[in-house]
Amino acid sequence: MMLALLHRVVVALLPFVALPAFGAGAIDGEVARQPLNPTAIVMFLLFVVATLFITWRASKATTTSSTFYNAGGQITGAQNGMAIAGDFMSAASFLGITGLMFIGGFDGLILSLGAFGAWPVLMFLFAKRVRNLGSFTFIDVISQRLDRNPIRLVTAFSTIVIVVMYLIAQMVGAGKLIQLLFGLPYELALVIVSGLVLGYVAFGGMLATTWVQIIKAILLLAGVTLIALLLLAKLDFSFSALLKQATENHPKGEAILSSGVIFNDPIQILTIQISMLFGTVGLPHILMRLFTVPDMRQAKLSAYYASLFIGYFYIALLVLGFGAIALVYNTPAFFDSDGALIGGSNMAAIHVASAVGGDVLTGFMSAVCFATILAVVAGLTLSGAAAISHDVYAEVLKQGNPDPVTELRLTRISVFLIGLAAVLLGIAFQNENVAFIATIPMVVSASVTFPMLLLSLFWSGLTTRGAIWGALVGLVSSIVLILLGPQVWVSVLGNEQAVFPYDYPALFTMPLSFMVMFLVSMADNSERGIVDKENYRALEWRAEFGDSPAGEGATS
Amino acid sequence: MITKDRLLKERTRRRFLFTGLHLLLYFSFSLNWTSWGSFLAERLGATYLSGAIVMFVVLVVLFIVLESVFLWLSQREERS
């Protein structure tokens, strides 16, 4: 009976296995709408009132493009670290990783480490240099030494691909998650999410978005801490006793304490690790947060504090994941008459909250999940709007001299259009398998954004031609291999076997992108190529010291 | 007196050194899915903690320690 149950759970969670824990739509496939949850709704309304008040205050300070995009650069490192954590710790992290551990024990932790591993890289390589060189978006950094118009158009396009795909996955996940947690209709859930995000971003810009993310991060960290403590308290604060109980309840027994229950192919593990680490480092809405602090020191501190908060979060999820196995498997109240987990397997984390804290904690965690979606979607919307209004309009069409009032107005219109598109796309993809859509942003980010950013900051030989060819090859190969992979070729198109065997092709597409950038740049003897190479020295100095070597400067 | 050129090279070297160390530790986690890492499946003494679970926690802590050292070195250099 337990094996049949495990099989059902695995099938229900398959999209999660293929899903990046950090940004994907949390729920996929059909979900059963649950009864209205008044406790969760009241707690969520309190969150909304608090954040709308902050937005109202922030809107008074948001009068220029600078305050809109980067909160005037006045956020401290600790605040920004918490906001980055709030931007990153999605509902999919909380529900998805706990759900994955619920079915496979230790194997679920690959997603935790994959997501966490990105932060040190961000700090060592990028935090200071990106902050010193950019003003609003990471595209400002890349375009400093390369031919600004073509490079901005290519990177803005890849940013918009990342943001739109990320947004679709988030919105479909959000609609279904809210059906599960709050008992609200799918379409209404999307309208509420989009309406609130529009309010936060259009009026409060980065300042309001930052505070929404900070509040959400505090609530989420408080929630997982409380659940972990209550779980451990049931077993005299012995983590070993918790693991013992988990192995007794799980049909795989002690096998859940090590690898192999879900994943058994080391290459598959490598593809996941590479996509998650380098994909996260190149996410535009994460990089954009580095510009909200006043200086390079605070930028480094931002990445450091983000690591502390996110590391703590994943350690707490370790307790929650095994706690779910220990408490939920042997409680018949959490299963329906067919032996399936009520609300689907992604509800394992919420059921743990219910088991240790009753209705109040369940309501609180449901409200936190809703808040989590708002914070992530707000960050994405802001990043997409900046790519359109700042990178394309202000920097390409107006050559860096836009009318500030028009630019701000265009940003707000972009926010509105992105919000509208999010609702429409969320409805259009309601019954689709969105797992592959959630994969695209991470793989594209690892294969386009990361190589461009790394080489433009650390390799003097990169030229505009090399960067553009590498980015295009990275983008096209990522999308083609995802289409030929199991998530589309088998799950969506119904073929028996995938042409390409892995869900995340970044293990192959990222080196390909690097290689094309390298080879094309080496072969590039054009006048522009020579200027690009000569620009490097001035850029490197400015990135490291904030000034240019005497008598030198970059040529656009 | 260290010139800015030399400082730039030192800092870049340090960035790549820390990144290399971090990536080495990060990808060592995939040992769990290979035969070389089979010892990680063992339980630690009488407890139910496996080597794999301990490795996860140790890696998270080590990443933060690496960042702390990097930050400390940067701050010490800025002060001097």
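Heavy atoms only: backbone and side chains are in, while hydrogens, waters and symmetry mates are out. Reminder, nothing fancy here: chain letters follow the sequence lines and each chain counts from 1.
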ask   = Any donor-acceptor pair under 3.5 Å linking the side chain of B:Glu42 with the backbone of B:Gly51?
value =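 No, because the side chain of B:Glu42 does not come within donor-acceptor range (under 3.5 Å) of the backbone of B:Gly51.
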Using non-hydrogen atoms only, which part of [X] is less than 4.5 Å away from chain B: side chain, backbone, both, or neither?
| X | value |
| --- | --- |
| A:Ile269 | side chain |
| A:Leu277 | both |
| A:Phe278 | side chain |
| A:Glu540 | both |
| A:Tyr312 | neither |
| A:Leu318 | side chain |
| A:Ile110 | both |
| A:Ser238 | neither |

Would you call the rings of [X] and [Y] parallel, tilted or perpendicular if under 30° counts as parallel and over 60° as perpendicular?
| X | Y | result |
| --- | --- | --- |
| A:Phe106 | B:Phe29 | tilted |
| A:Phe124 | B:Phe18 | tilted |
| A:His250 | A:Tyr329 | perpendicular |

If you count heavy-atom pairs under 4.5 Å between each of [options] and chain B, which one has the most?
| options | answer |
| --- | --- |
| A:Ser307, A:Gly105, A:Gly260, A:Ala543 | A:Ser307 |
| A:Phe322, A:Phe239, A:Trp119, A:Phe458 | A:Phe458 |
| A:Ala255, A:Ser258, A:Ala241 | A:Ser258 |

Distance-only polar pair, side chains of [X] and [Y], donor-acceptor under 3.5 Å:
| X | Y | result |
| --- | --- | --- |
| A:Asn132 | A:Arg542 | no |
| A:Tyr536 | A:Ser456 | no |
| A:Thr247 | A:Glu254 | no |

request  = Salt-bridge test for A:Asp107 and A:Lys252: reply yes if a basic N is under 4.0 Å from a carboxylate O, no otherwise.
outcome  = no
key: Residues B:Arg15, A:Glu544: salt bridge by 4.0 Å N-O rule   = yes
Residue selection (most heavy-atom pairs with chain A, distance under 4.5 Å) from [options]:
| options | answer |
| --- | --- |
| B:Leu8, B:Thr47, B:Asn32 | B:Leu8 |
| B:Thr34, B:Thr12, B:Leu59, B:Leu40 | B:Thr12 |
| B:Leu66, B:Leu71, B:Leu44 | B:Leu71 |

key: Interface moiety of B:Leu17 toward chain A, non-hydrogen atoms closer than 4.5 Å   =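 For B:Leu17, neither part sits under 4.5 Å from chain A.
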task = Give, as side chain, backbone, both or neither, the part of B:Arg14 having an atom under 4.5 angstrom from any heavy atom of chain A.
result =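 Contact with chain A is absent: no heavy atom of B:Arg14 under 4.5 Å.
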Atom pair CD1 (B:Ile53) and CZ (B:Arg43), whose distance is rounded to the nearest 0.5 Å = 11.0 Å
